[in-house]
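Order of the sequence lines sets the chain letters (A, B, ...), proteins ahead of strands, with each chain counted from 1.
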There are 2 protein chains.
Amino acid sequence: MRGRSMVDWYDLFRPEGSHGGTLDPKPDILGAMDRLERAVSDPDRGRTPVTQRATDRIKAMIASGEVGPGERLPTERDLSAQFGVSRSSMREAIRALTTLGVLESRHGAGVYVTALRPADLLETFSVLAEVSQGRTLLEVLQVRRMLEPAATALAAARASAEDLDRVGALLDRIEGGSDTFCTDTVAADLGFHQAIVASTGNATLAAVNDGLSSRTFNARVWAGHREAGLTAKLREDHERIHEALVARDPDAARAAATVHVLRVERWLSADLAGS
Amino acid sequence: MRGRSMVDWYDLFRPEGSHGGTLDPKPDILGAMDRLERAVSDPDRGRTPVTQRATDRIKAMIASGEVGPGERLPTERDLSAQFGVSRSSMREAIRALTTLGVLESRHGAGVYVTALRPADLLETFSVLAEVSQGRTLLEVLQVRRMLEPAATALAAARASAEDLDRVGALLDRIEGGSDTFCTDTVAADLGFHQAIVASTGNATLAAVNDGLSSRTFNARVWAGHREAGLTAKLREDHERIHEALVARDPDAARAAATVHVLRVERWLSADLAGS
DNA sequence: AGCCTCTATTGGTCGGACCACTTTTGCATG
DNA sequence: CATGCAAAAGTGGTCCGACCAATAGAGGCT
């Protein structure tokens, strides 16, 4: 828990920390005021980087509803003038919020607020699963062992007919016993699990689970099992999960998902120990 | 799943997509080569924004082990020269990676790679819980209902004596039946659950769970229960959880945690329906 | 040796210029 | 009048060069 995080949204809901409240005068003179305040000796003001102040201002604009999801922000040039910062700093602020999935800038068109859906905000999440190695990868799998069974059980209860069709179609794309390496299998495998979790109707759950899944890791799993001639086992797992879903049997679904994640976890454990 | 995400770490492990592989010649002439390539008509090259190319280069440096966790990168000026981009673009690239928790720049000292621990990478995660409202907040709680019971059960089995002491100390700081509003209670409540999850020894789990918790939301929960005179119920929940932990009883811990999360979830449901 | 100042290094900010893409305008055409 | 295309205005993307501010290290002082 480092201090002063870039994502300190708490501030949005607190009444302007320390320095006397400049409660939104006319937008026109905001820039001038900021410049003025910078001129006079204000140690507290100069403390926080200009760029961060800019991000905070934008976040405040969103939190206050001044700009809603999907709406367009003022021009970079306008914003920088309004906030009394240079366009470079303004751009860095926008870049930060873009990276967080809060903003989205379209070349020549303008800067827009995203839909602010869980999937938007959690896109950065996937970094973890991607860079993780060894021990951390095991930890990630352990978290998935907690989530996937519960999610699969929920899906068994909630999935619509179309959801099940989609899952079934992806299951067919996952190879059975063939020994030719196929990128499509990895994608289908990933899509299979994502489709299941998505059919719970909980977008947040889906986004979190997606973040914990990684293409490269899945590829490793398939490669490892292929080498050991165990790809059939993986297919059995998937079929068992699918059957439970079609039967709308939450308990069976939970069990099948647990078995699957555990298999992968055990394999990774052994694989890490071996190398 | 938007195209071309800023966090497309997959590329790190693929053999340089399209344009003929420039497999790391002398670092000295890299900049010159980039400038040259930009000069000639290369439509494919100009497609991807310069800034993104810069972030990719840095990520590649980390993935290849050229710079490890905690180590210092070359100066912004050196990097920009080396990559053949302006310092402004270089700074935006660094800003993006800083936001993701991959880099950390210290004024006057240099830019460093973080420890790349789960907590570093998931700091951005908290945005979700903070901006979420209504339906999404319920979804977040639903995910916590899957994680916390499992985590608490795991903690009952794994927590060290020091862990339990810490949890107990935080429990004492959570108020009982007093009706005076106390910020400390919210902080202690948050810390209580975080300490439990942390004592599972799974840093990834802890980081994910932390990301799903929000100070402002917890404050709302306490305020709501105080209004209804139900703060004693919350305290009972916490005591029950603590007892299960000291008794090292995973099943009891799981049940107690489930009861607690469910209580909060039901309250939120009612609260949302009322407003 | 220990402390302090002073300086070189390095990130932070600024302003302005130009390029690339998008949208809108408005004219010419059918 | 409707349509289509070309010019122009608007906007993000990139670059440059300068200066400010914080840090770290060199060197001198006590």
Side-chain angles (χ1 to χ4, degrees), chain A residues 4 6 31-32 34-58 67 71-99 103-114, chain B residues 4 6 31-32 34-35 37-39 41-58 67 71-99 103-114:
Chain A
R4 282 283 170 176
M6 179 61 72
D34 274 338
R35 266 183 266 268
L36 221 64
E37 285 180 313
R38 201 194 319 153
V40 302
S41 61
D42 189 344
D44 229 344
R45 187 69 165 194
R47 234 4 143 178
T48 59
V50 176
T51 301
Q52 168 144 4
R53 261 186 287 155
T55 62
D56 290 342
R57 291 285 292 269
I58 295 183
V67 288
E71 286 183 24
R72 201 190 120 174
L73 267 71
T75 316
E76 287 182 351
R77 293 166 173 87
D78 287 348
L79 282 174
S80 62
Q82 186 175 332
F83 296 169
V85 305
S86 74
R87 200 184 149 209
S88 318
S89 302
M90 195 65 245
R91 276 187 58 78
E92 283 193 34
I94 292 174
R95 169 75 59 185
L97 290 173
T98 298
T99 306
L103 297 183
E104 179 185 6
S105 68
R106 307 176 199 160
H107 193 169
V111 181
Y112 293 77
V113 180
T114 67
Chain B
R4 282 283 173 175
M6 178 64 72
D34 274 338
R35 267 184 267 270
E37 283 180 313
R38 201 195 317 153
S41 62
D42 188 343
D44 230 343
R45 187 67 164 195
R47 243 345 151 186
T48 59
V50 175
T51 301
Q52 169 145 4
R53 261 186 285 156
T55 62
D56 290 342
R57 290 285 292 269
I58 296 183
V67 288
E71 287 183 24
R72 202 191 119 174
L73 269 72
T75 63
E76 290 182 349
R77 292 168 174 85
D78 286 349
L79 282 174
S80 62
Q82 186 176 333
F83 296 169
V85 304
S86 73
R87 200 184 147 211
S88 318
S89 302
M90 196 63 245
R91 277 187 58 77
E92 283 193 35
I94 292 174
R95 169 75 60 186
L97 291 173
T98 298
T99 305
L103 297 182
E104 179 185 6
S105 68
R106 307 177 199 158
H107 193 168
V111 180
Y112 293 78
V113 181
T114 68

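- Distance, A:L103 CG to D:dG13 P: 11 Å, rounded to whole Å.
- The CE-C1' distance, from A:M90 to C:dG12, rounds to 16 Å in whole Å.
- One can place CG of B:L73 at 13 Å from C1' of C:dT10, the figure rounded to the nearest angstrom.
- Residues satisfying the side-chain hydrogen bond (donor to acceptor under 3.5 Å, both in side chains) criterion with B:S105, sequence neighbours excluded, are absent altogether.
- The OG1 atom of B:T75 sits 10.0 Å away from atom CE of B:M90, with the distance rounded to the nearest 0.5 Å.
- The CZ atom of B:R53 sits 12 Å away from the C1' atom of D:dG13 (whole-angstrom rounding).
- No side-chain heavy atom of B:V111 sits less than 4.5 Å from a side-chain heavy atom of B:E104.
- In terms of phosphate contacts, B:S105 brings no side-chain nitrogen or oxygen within less than 4.0 Å of OP1 or OP2 of C:dT10.
- Using a 4.0 Å heavy-atom distance criterion, A:S88 is classed as a base contact.
- For B:R91 and C:dC14, the CZ to C1' distance is 11 Å, given to the nearest whole Å.
- Between D:dC15 and B:S89, a contact under 4.0 Å exists linking OP1 or OP2 to a side-chain N or O.
- Within 3.5 Å, a donor on the side chain of A:R87 pairs with an acceptor on the base of D:dG13, or the reverse.
- From B:D78, atom CG reaches atom CG of B:L73 across 10.5 Å, with rounding to the nearest 0.5 Å.
- Between B:T55 and B:Q52, the closest heavy-atom pair is OG1-O, 2.6 Å.
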Listing time: all N or O pairs from protein to nucleotides 6-11 of chain D that are below 3.5 Å?
residue, atom, partner, partner atom, Å
D:dG10, N2, A:G108, O, 3.3
D:dT11, OP1, A:R72, NH2, 3.1

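- Atom pair A:E104:CD and D:dG13:C1' shows a separation of 16 Å (rounding to whole Å applied).
- A:S86 is linked by a side-chain hydrogen bond (donor to acceptor under 3.5 Å, both in side chains) to A:S89, counting only residues two or more places apart in sequence or in another chain.
- Mapped onto DNA chain C by nearest heavy atom, A:S86 and A:Y112 fall at different nucleotides, with A:S86 at the one closer to the 5' end.
- B:Y112 carries B:R106 over the face of its six-membered ring, with the cationic atom under 6.0 Å from the centre and within 45° of the normal.
- Residue B:R95 contributes atom CZ, which lies 7 Å from atom P of C:dG12 at whole-angstrom precision.
- Rounded to an integer number of Å, the gap from CD1 of A:I94 to P of D:dT14 is 13 Å.
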